[in-house]
Amino acid sequence: MAGKRNVAVLTGAGISAESGLGTFRGKEGIWNKMRPEELASMEGFMANPELVWEWYNYRRSVLAEAKPNPAHHALAKWESACPKFTLITQNVDGLHQMAGSKSVLELHGSIKINRCLSCAQESSDEPVRYEGKIPCCSCGGRLRPGVVWFGEMLPEAVLSQAFRASTECDLFLAVGTSAAVYPAASLPEIAFESGALTIEINLEHTPFTESAHFHLAAQAGLAVPALYHAWSHCNMTASNNT
Ligand code: BJW
Ligand code: ZN
């Protein structure tokens, strides 16, 4: 990793697993029990808003107790130490920011935000709790979580920054993502095709594994701090010698 001064990282649900948050896919993933279209699409929300709010409120309550783990902390340190560092996350949990990362490209929004279906106003007040009725905006419109569901567009400016960083970086890490959901899943491939050194950290193989230069079959909480130490060791040495 010596000389790699433009680093981009894509994180997924697996990086927060060691903080006690559930993943979508994989052995313990929620999609083993529920259909994604039921919980993470506008059609699912329209058909059963109570169920969808119940799920998001459950996740908000788990998140209220959750803390960033060593992988989140290592990425925050990496950002401060690296000349050009882009952190791209598919997660909506805010744990990167809680660990001290200053700039985070949130591809799929934030679970802490509510958005009104009528006036589109966003609020990040105390999480709305589903208590038998669907939360409403002050305009009377129905609120939804401020996340990106299947079939919805990702925030355009955020996505284009993520594409640019993946194209321009010289080291790309894919951490705890099944690389199954587009357009996020195209970012590691773009980095690989653009000539970056690509490293995947995942307990399981993914569609990206074959293209990655290295696949580290390890927990993110162990592998990311170890990689950061290795990177900082060889890059501090390199900069001291020049
Ligand atoms: C560990 C670990 C540990 C565990 N250490 N590792 C091109 C081709 C095919 C389909 C499409 C395409 N373009 C668009 C689509 C459709 C669709 C899509 O991709 N479908 C595929 C499933 C086939 N994409 C979309 O609809 C997207 N929108 C879009 O493209 O708009 C344009 C458009 C609009 C209309 C028509 C056509 C195009 C939007 C996608 C939104 C995804 N939303 C969700 C919910 C967000 C809100 C919420 O959190 O509730 O995002 S779904 C869910 O999946 C969530 C995640 O961010 C996302 C990715 O999951 P992630 O992060 O990878 O987690 P997991 O659980 O899948 O994997 C965890 C991994 O960690 C596992 O591999 C474990 O092994 C590993 N792990 N513990 C290391 N300790
Ligand atoms: Zn409103």
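Counting starts at 1 for both ligands and their atoms, in listed order. Side chains included, hydrogens not; waters and symmetry mates left out as well; all remaining heavy atoms used.
- Of all protein heavy atoms, the one lying nearest to atom 21 (C) of ligand 1 is A180 O, 3.5 Å.
- Numbered from 1 in the order shown, with element, the atoms of ligand 1 that lie under 4.0 Å from a heavy atom of V92 read 49 (O).
- Ranked by closest heavy atom to atom 48 (C) of ligand 1, the top entry among E200, R25, R59, H205 is R59.
- Taking a cut-off of under 4.0 Å to the non-hydrogen atoms of Q219, the atoms of ligand 1 that pass are 5 (N).
- Heavy-atom contacts of P183 reach the following atoms of ligand 1: 30 (O) (cutoff under 4.0 Å).
- At least one heavy atom of A17 sits under 4.0 Å from some atom of ligand 1.
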Checking N6 against L171 for the side-chain contact (heavy atoms from CB on, under 4.5 Å) test, could you report, in this order, the C-alpha distance in whole Å, the side-chain angles of both residues, the deciding distance, and whether it holds?
CA-CA 6 Å; N6 186 340; L171 170 62; over 6 Å; no
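- Considering only heavy atoms from C-beta on, L95 comes within 4.5 Å of L63 through its side chain.
- The closest side-chain heavy-atom distance from L107 to L187 is below 4.5 Å.
- V52 and F24 fall within a single hydrophobic cluster, where Ile, Leu, Val, Met, Phe, Trp and Tyr side chains are chained together by heavy-atom contacts under 4.5 Å.
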Carefully, step by step, assess L51 and E38 under the rule side-chain contact (heavy atoms from CB on, under 4.5 Å).
CA-CA 9 Å; L51 176 73; E38 273 182 87; 4.1 Å; yes
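- Among the atoms of G151, some N or O lies under 3.5 angstrom from an N or O of ligand 1.
- Using a 4.0 Å cut-off between heavy atoms, L154 contacts ligand 1 through its side chain alone, with no backbone atom that close.
- By the rule that hydrophobic residues join a cluster once side-chain heavy atoms approach within less than 4.5 Å of another member, L39 and I113 end up as members of separate clusters.
- Among T209, V147, V181, the residue whose heavy atom lies nearest to atom 58 (C) of ligand 1 is V181.
- Less than 4.0 angstrom separates atom 16 (C) of ligand 1 from none of the non-hydrogen atoms of the protein.
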Can K102 and E79 be said to form a side-chain contact (heavy atoms from CB on, under 4.5 Å), step by step?
CA-CA 8 Å; K102 292 189 178 60; E79 177 186 36; 3.8 Å; yes
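- Heavy atoms of E18 found under 4.0 angstrom from ligand 1 belong exclusively to the side chain.
- Ring-plane geometry between W31 and F150 is classed as tilted, the angle between the planes lying from 30 to 60 degrees on a 0 to 90 degree scale.
- Distance screen at 4.0 Å: atom 56 (C) of ligand 1 has a protein heavy-atom neighbour inside the cut-off.
- Atom 52 (S) of ligand 1 has its nearest heavy-atom neighbour, among F150, F208, Y56, F24, in F150.
- A salt bridge links R144 with E152: the closest approach of a Lys/Arg side-chain nitrogen to an acidic carboxylate oxygen falls below 4.0 angstrom.
- Comparing Q90, E152, M153 by heavy-atom distance to atom 29 (C) of ligand 1, the nearest is E152.
- Here the protein heavy atom with the shortest distance to atom 4 (C) of ligand 1 is G14 CA, 3.7 Å.
- At the top of the distance list for atom 63 (O) of ligand 1, counting protein heavy atoms only, stands T177 OG1, 2.7 Å.
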From CA spacing to verdict: side-chain contact (heavy atoms from CB on, under 4.5 Å), M1, L197:
CA-CA 8 Å; M1 289 187 289; L197 172 68; 4.2 Å; yes
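- The protein atom (non-hydrogen) at minimum distance from atom 74 (C) of ligand 1 is N202 OD1, 3.4 Å.
- Closest protein heavy atom to atom 64 (O) of ligand 1: A13 CB, 3.4 Å.
- Each of I15 and F172 belongs to its own hydrophobic cluster when Ile, Leu, Val, Met, Phe, Trp and Tyr are linked at side-chain heavy-atom distances under 4.5 angstrom.
- I88 and F163 end up in the same hydrophobic cluster when Ile, Leu, Val, Met, Phe, Trp and Tyr side chains are linked at under 4.5 Å.
- Nearest protein heavy-atom neighbour of atom 70 (C) of ligand 1: G176 O, 3.4 Å.
- Within the 4.0 Å heavy-atom cutoff, G29 does not count among the residues contacting ligand 1.
- Using a 4.0 Å cut-off to heavy atoms of T23, the atoms of ligand 1 that qualify are 66 (O).
- Both the backbone and the side chain of L203 come within 4.0 Å of ligand 1, judged by heavy-atom distances.
- Distances below 4.0 Å separate heavy atoms of E204 from the following atoms of ligand 1: 75 (O).
- Side-chain atoms of T177 and R25, non-hydrogen and from C-beta on, never get closer than 4.5 Å to each other.
- Per-atom contact check: atom 10 (C) of ligand 1 does not touch the protein, criterion being a heavy-atom distance below 4.0 Å.
- At a heavy-atom cutoff of 4.0 Å, ligand 1 is contacted by the side chain of H108 but not by its backbone.
- A parallel orientation is assigned to the rings of Y228 and W231, their planes being inclined by less than 30° (bins at 30° and 60°).
- Between W149, Y182, W55, it is Y182 that holds the heavy atom closest to atom 19 (O) of ligand 1.
- Set against the non-hydrogen atoms of G12, the atoms of ligand 1 under 4.0 Å away are 62 (O).
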Run S101 and H72 through side-chain hydrogen bond (donor to acceptor under 3.5 Å, both in side chains) and show every step you take.
CA-CA 8 Å; S101 286; H72 298 102; over 6 Å; no
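- Grouping the Ile, Leu, Val, Met, Phe, Trp and Tyr side chains by contacts below 4.5 angstrom, directly or via other members, places L227 with L75.
- Using a 4.5 Å cut-off on side-chain heavy atoms (C-beta onward), F192 and H213 make contact.
- Counting only heavy atoms of the protein, atom 45 (C) of ligand 1 lies nearest to V148 O, 3.7 Å.
- Taking the six-membered ring wherever Trp is involved, the centroid distance between the rings of H215 and F208 does not fall below 6.0 Å.
- An angle of 120° is found at the Zn ion (ligand 2) between C119 atom SG and C139 atom SG, rounded to 10°.
- Contact annotation: for A71 versus ligand 1, there are no heavy atoms closer than 4.0 Å.
- Checked by distance only, ligand 1 and A220 come closer than 3.5 Å through their nitrogen or oxygen atoms.
- In summary, the atoms of ligand 1 found under 4.0 Å from a heavy atom of A218, numbered by their order in the structure, are 5 (N), 79 (C).
- Contacts of A184 with ligand 1, taken as heavy-atom pairs under 4.0 Å, are absent altogether.
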